[in-house]
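So the structure is just underneath, and the comments pick up after that.
Convention: sequence-line order gives letters A, B, ...; per-chain numbering from 1.
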Protein chains: 2
Amino acid sequence: MRPEEAFGKVLRELRRKRGLSQEKLALEADLDRTFISLLERGLRQPSFSTILEISKILGVPAAHLVELAEAEMKKAP
Amino acid sequence: MRPEEAFGKVLRELRRKRGLSQEKLALEADLDRTFISLLERGLRQPSFSTILEISKILGVPAAHLVELAEAEMKKAP
DNA sequence: CTGTAGACTCAGGTCGACT
DNA sequence: TAGTCGACCTGAGTCTACA
């Protein structure tokens, strides 16, 4: 599983767990809604600061987001 | 402290602790030496996959790298 | 609410050369 | 060994619009 896919999967799971729409998340993270869509589908990858922004809104440390993505990648290398 | 600076600081510390030159790190991480230089000085920020590559060579989980950078940012917000 | 597409800007990342 | 410069190319991130 590629990094973008792993990140996208984790992002979608956490966002839904928070009951947030892509639009709401995008708005609060100061990003574009279409970009969140691309990220979740693994078609784009985030930069470091984007990871920080998103994790901030999701209410988890960025390290945790990354940890989940890494774990996801190890499932199906 | 901006994200790029925090990441750069942590990167430089870990790299030196490993006794690696920028060039060696760049070579193994499949990146450019000048880009490592820019990263360490906080003039550029890494993408997600770049964080993964670098942490792999440094022998730490990417989550740990991010964690250290986050901690660095909290020192002087 | 989300996926998608086109067009756009700017920064991520490369490369060669010089200090 | 590391910093820097200039040119270059790709991809991160935006915006509008439509299904």
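Distance check: A:Ser21 OG to A:Arg16 CZ gives 11.5 Å after rounding to the nearest 0.5 Å. Taking CG of A:Leu39 as the start and CZ of A:Arg44 as the end, the distance is 9.0 Å to the nearest 0.5 Å. Atom-to-atom distance recorded for B:Glu4:CD and B:Gln45:CD is 5.5 Å, nearest 0.5 angstrom.
The pair B:Lys9-B:Glu72 counts as a salt bridge, with a side-chain nitrogen and a carboxylate oxygen less than 4.0 angstrom apart.
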Compile the donor-acceptor pairs under 3.5 Å between side chains in residues 53-62 of chain A and protein atoms, sequence neighbours left out, one pair per line.
from    : atom 1 : to      : atom 2 : distance (Å)
A:Ser55 : OG     : A:Ile51 : O      : 3.0
A:Ser55 : OG     : A:Leu52 : O      : 2.9

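In this model, no donor atom of one side chain and acceptor atom of the other lie less than 3.5 Å apart for A:Thr34 and A:Ser37.
Residues from residues 43-64 of chain A that place a heavy atom under 4.0 Å from any atom of DNA chain D, listed by number: A:Arg44, A:Gln45, A:Pro46, A:Ser47, A:Thr50. Near DNA chain C, defined here as any heavy-atom distance below 4.0 Å, the residues from residues 9-27 of chain A are A:Arg12, A:Arg15, A:Ser21, A:Gln22, A:Glu23, listed numerically.
When hydrophobic clusters are built by joining Ile, Leu, Val, Met, Phe, Trp and Tyr residues whose side-chain heavy atoms come closer than 4.5 Å, directly or via intermediates, B:Leu38 is grouped together with B:Val10.
Taking atom CG of residue B:Leu39 and atom P of nucleotide C:dA11, one finds them 15 Å apart after rounding to whole Å.
Residues passing the salt bridge (charged side-chain N to carboxylate O under 4.0 Å, His left out) test with B:Glu5, sequence neighbours excluded: B:Arg2. The side chain to side chain donor-acceptor pair (under 3.5 Å) search around A:Glu67 returns none, not counting sequence neighbours.
A:Ser37 has no side-chain polar atom (N or O) that falls below the 4.0 Å cut-off from OP1 or OP2 of C:dT2.
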Trace of the side-chain contact (heavy atoms from CB on, under 4.5 Å) decision for B:Leu25 with B:Leu31: CA-CA 8 Å; B:Leu25 172 60; B:Leu31 290 170; over 6 Å; no
Where protein sits on nucleotides 14-19 of chain C, one letter per nucleotide: B base, S sugar-phosphate only, - none, heavy atoms under 4.0 Å: BBB---
